[in-house]
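Letters A, B, ... are given to chains in the order of the sequence lines, protein chains preceding strands, and every chain is numbered from 1.
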Amino acid sequence: MKIPTRLSWPTSIEEARLIQEQWRDRVITSDCLPEIHWVAGVDLGFEDGGKTTRAAVAVLSFPDLKLVETAIAICPTIFPYVPGFLSFREAPPILKALRQLTTTPDLILCDGQGLAHPRRFGLACHLGTLLNCPTIGVAKSRFIGTHNEPAPKRGSWTPLKDGEEIIGAVLRTRTQVKPLYVSIGHKIGLETAIAYVLDCTPQYRLPETTRLADRLASNRIQS
DNA sequence: GCGACAG
DNA sequence: ATCTTGTCGC
């Protein structure tokens, strides 16, 4: 996987917005995936009251979901959390962690939105286009859009819409449990994305990839 | 003007 | 995201 090194990173929200508007057209919203053997989950944790960012990646085999490799990167936090601009805070540490991998993931599940974003360029889209790798946005809560409640059974989903446009899916990954917000990141269609999220979520509300990365990012190694 | 707002 | 214990419900 080619991971960009010399990216010009914005220092203001205004610059960041221009980059989103300039890059949004590069997002590929249909299936353009290889055979999937390795699936990665990425997540962040913060230390020192937010001054330090800890990025973690977990690579699992697919479809058996066995842990294959992990990587962690620690860096000073460079960008504040501003709704709509999450990727400018999270992408640099994630790229640094990905650089340490020996394995090349075929698909990355991101902790946040993809197309379900005000300018259709959430974290998953940004990472996917930077890496030229298929990505899916898997968020634990709604950011934008409206939807009906999906049926209580695992696998049920309803469209997440912004006006008449379908920007994602509200997916029940566990029966009777609060659903997840799934959206296209890059090089994958929504229905395919939903199928992979379900395949990666055999037991808990969150995908195994996310759970593993989350644990590493927050420095909790056991359980 | 007011409320909402991924992590 | 993070600060934090026990507790209610399936």
Salt bridge between A:Lys140 and A:Asp111, side-chain N to carboxylate O under 4.0 Å? yes
Near DNA chain B, which residues from residues 181-206 of chain A have a heavy atom under 4.0 Å away? none
Under 4.5 Å between side-chain heavy atoms, hopping through other hydrophobics if needed: is there a path connecting A:Leu216 to A:Leu95? no
Residue set satisfying ring pair (Phe, Tyr, Trp, His ring centres under 6.0 Å) with A:His126, at least two apart, ordered chain then number -> A:Trp9, A:Phe88, A:Phe121
Mind checking what makes ring pair (Phe, Tyr, Trp, His ring centres under 6.0 Å) contact with A:Phe143, not counting sequence neighbours? none
Nucleotide-resolved protein contact map, nucleotides 4-10 of chain C, B/S/- at heavy-atom distance under 4.0 Å: -------
Picking from A:Thr192, A:Ile136, A:Asn132, A:Val27, what satisfies side chain to side chain contact (heavy atoms under 4.5 Å, CB included) with A:Lys187? A:Asn132
Salt-bridged, A:Arg211 to A:Glu208, with N to O below 4.0 Å? yes
Give a yes or no answer on whether the side chain of A:Arg172 reaches the backbone of A:Gly155 with a donor-acceptor pair at less than 3.5 Å. no
Return a single string for nucleotides 2-7 of chain B, one symbol per nucleotide in 5' to 3' order, where B is base contact, S is sugar-phosphate-only contact and - is none, cutoff 4.0 angstrom on heavy atoms. ---BBB
Acceptor/donor pairs from residues 67-74 of chain A side chains to any protein atom, 3.5 angstrom cut, sequence neighbours excluded:
unit_1	atom_1	unit_2	atom_2	d
A:Glu69	OE1	A:Thr102	N	3.2
A:Glu69	OE1	A:Thr103	N	2.9
A:Glu69	OE1	A:Thr103	OG1	2.5
A:Glu69	OE2	A:Thr102	N	2.8
A:Glu69	OE2	A:Thr102	OG1	3.4

Identify every side-chain donor-acceptor pair in residues 158-166 of chain A under 3.5 Å, counting partners at least two apart or on other chains, and give the distances.
unit_1	atom_1	unit_2	atom_2	d
A:Thr158	OG1	A:Asn148	O	2.7
A:Asp162	OD2	A:Arg120	NH2	2.9
A:Glu165	OE1	A:Arg120	NE	3.4
A:Glu165	OE1	A:Arg120	NH2	2.9
A:Glu165	OE2	A:Arg120	NE	3.1

Only Watson-Crick and G-U wobble pairs, only distances under 3.5 Å, only runs of 3 or more: what stems does that leave for DNA chain B? none
Starting from A:Leu198, can I reach A:Leu65 by hopping between I/L/V/M/F/W/Y residues whose side chains sit under 4.5 Å apart? yes
Main-chain N/O of A:Thr210 paired with A:Asp43 side-chain donor or acceptor, under 3.5 Å: no
Suppose we screen for side-chain hydrogen bond (donor to acceptor under 3.5 Å, both in side chains). Which residues come up paired with A:Ser218, at least two apart in sequence or across chains? A:Arg220
Quick one: list whatever passes side-chain contact (heavy atoms from CB on, under 4.5 Å) with A:Ala124, sequence neighbours left out. A:Cys110, A:Thr135
Check DNA chain C for consecutive Watson-Crick or G-U pairs with both distances under 3.5 Å and list the runs of at least three as stems. none
What pairs with A:Arg119 under side-chain hydrogen bond (donor to acceptor under 3.5 Å, both in side chains), at least two apart in sequence or on another chain? A:Gln20
